[in-house]
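Below are the structure tokens for one structure; questions will follow.
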Protein chains: 2
Amino acid sequence: METDSYMSELRERGYRITGKRREILGYLLRNDRYMSARELIEYMKDRYPTMSYETVYRNLKTLRDEGIIEESQFADNEAKYRMACQSGHHHHYICVACGQTMVIEHCPMPELCVPDGFQVLRHRFEVLGYCQNCRAVESK
Amino acid sequence: METDSYMSELRERGYRITGKRREILGYLLRNDRYMSARELIEYMKDRYPTMSYETVYRNLKTLRDEGIIEESQFADNEAKYRMACQSGHHHHYICVACGQTMVIEHCPMPELCVPDGFQVLRHRFEVLGYCQNCRAVESK
DNA sequence: ATTAGTGCAAAAACTTTGCACGAGC
DNA sequence: GCTCGTGCAAAGTTTTTGCACTAAT
């Protein structure tokens with residue numbers, strides 16, 4: 001199972017493997033889209049009644065710091081998370097309704113002439129809209 | 001004064017012109033960079049002691065909804081605001097330390113093949129880093 | 001005179017933290 | 001056994017809201 005390889009990797013970096021950490025990562029793995037901590041908490045509370053939101057927040061932070069998941073803020077004031085892409089650098093079409101993503105292979109960075117003195121840390125290119133599914137729902 | 005033309009525009013759209021609204025817009029106009037509501041409030045409290053943070057938040061929301069200012073979240077969990085660019089579509093280099101921006105003329109959108117069924121609402125291309133000034137400060 | 005804007009107080013929404021206990025190694 | 005992870009409680013931070021009063025039109 002894919003979760004296991006991530007877990008082994010975490011163990012190698014000195015983290016422990018707990019059922020809850022595994023469950024959180026598993027849910028992110030099974031759902032290839034952006035989701036909020038709140039959403040994750042609600043799901044977890046059902047399936048895993050002793051799961052607390054602090055645990056979710058702490059694990060999300062850990063997973064993000066270890067580069068296993070990505071964080072973005074594209075709606076409201078809450079952060080959203082998804083599995084970090086393992087397959088090379090790219091960007092995303094993001095559905096603002098369901099968080100589903102599609103890959104944008106093209107990265108605009110190589111074409112830029114970065115101004116003298118500006119030190120690039122990171123960049124963000126996101127195309128936001130409705131995916132086919134949510135578009136149908138919205139227009140009904 | 002430039003603030004006046006924005007104010008007239010707001011009045012034409014049914015909003016009223018108040019000293020505080022004018023002051024907020026004026027500060028955004030004089031400072032061509034991203035700033036947080038918190039920053040704006042702190043400045044306002046000094047110069048305009050009766051200014052409350054609710055007023056700042058409400059005005060920022062109004063100005064954003066009217067397309068007069070732009071909102072973005074590129075650091076922490078707080079939204080940042082700046083005057084919306086009037087001069088054609090473009091993107092920005094953004095200094096994560098001071099919020100200062102530089103224009104990126106190139107927009108990657110025309111080069112994209114948007115997937116069938118995806119309805120584009122908006123897009124975001126931001127290059128984040130340190131501007132020349134803040135880079136010097138950071139590395140000292 | 002009418003209604004939008006404001007301040008106050010409160011709350012909502014999201015996130016973090018200190019501490020003690022329990023679980024993974 | 002040692003230490004990390006967790007739950008609890010609490011607090012921090014950012015943002016929103018109901019209500020009554022003030023001010024712009």
**Q.** Pair of N/O donor and acceptor under 3.5 Å linking D/dA9 base with A/Glu54 side chain
**A.** yes
Q.
Please determine whether a side-chain nitrogen or oxygen atom of B/Arg38 lies at a distance below 4.0 Å from atom OP1 or OP2 of D/dT13.
A. no
Q: Indicate, yes or no, whether a donor-acceptor pair under 3.5 Å links the base of C/dA9 to the side chain of B/Tyr53.
A: no
Q.
Rounded to whole Å, how long is the line connecting atom NZ of A/Lys20 with atom P of C/dG22?
A. 13 Å
Let me have the donor-acceptor pairs involving side chains of residues 98-109 of chain B, under 3.5 Å, with sequence neighbours excluded, atom names and distances please.
{"from": "B/Thr101", "atom 1": "OG1", "to": "B/Arg82", "atom 2": "NH2", "distance (Å)": "2.9"}
{"from": "B/His106", "atom 1": "NE2", "to": "A/Glu111", "atom 2": "OE1", "distance (Å)": "2.7"}
{"from": "B/His106", "atom 1": "NE2", "to": "B/Glu111", "atom 2": "OE2", "distance (Å)": "3.4"}

Q: Identify the two heavy atoms, one from B/Ile17 and one from B/Ser8, that lie closest to each other, and give their separation to 0.1 Å.
A: CD1-N, 4.4 Å
Q. According to a strict under-4.0 Å criterion, is B/Ser52 in side-chain N/O contact with OP1 or OP2 of C/dC8?
A. no
Q: Strictly below 4.0 Å, heavy-atom distances to any atom of DNA chain C: list the hits from residues 57-76 of chain B, or just say none.
A: B/Arg58, B/Asn59
Q.
Rounded at 0.5 Å granularity, tell me how far CD in A/Gln73 sits from OG in A/Ser36.
A. 11.5 Å
**Q.** Minimum-distance nucleotide (side-chain atoms of A/Tyr15 versus C/dC25, C/dG7, D/dG5)
**A.** D/dG5
Q.
Whether B/Thr18 contacts D/dA23 is assessed here as follows: a side-chain N or O lying under 4.0 Å from the phosphate OP1 or OP2. Is that the case?
A. no
Q: Tell me which nucleotide among D/dT6, C/dT15, C/dG5 gets nearest to the side chain of B/Asn77.
A: C/dT15
Q: Quick one: closest heavy-atom pair of B/His91 and B/Phe125, and the distance?
A: CB-O, 3.2 Å
Q) If you take all heavy atoms of B/Ile94 and B/Tyr34, which pair is closest and at what distance? A) CD1-CE1, 3.6 Å
Q.
Can you list everything that forms a ring pair (Phe, Tyr, Trp, His ring centres under 6.0 Å) with B/Tyr27? Sequence neighbours excluded, please.
A. B/Tyr43
Q: Starting from P on D/dT14, measure out to NZ on B/Lys80 and report it in whole angstrom.
A: 10 Å
(Q) With nearest nucleotide decided by heavy atoms, which residue, B/Val56 or B/Gly14, maps closer to the 5′ end of DNA chain C? (A) B/Gly14
Q) Given C/dG24, C/dT6, C/dA4, which nucleotide is nearest the side-chain atoms of B/Arg16? A) C/dA4
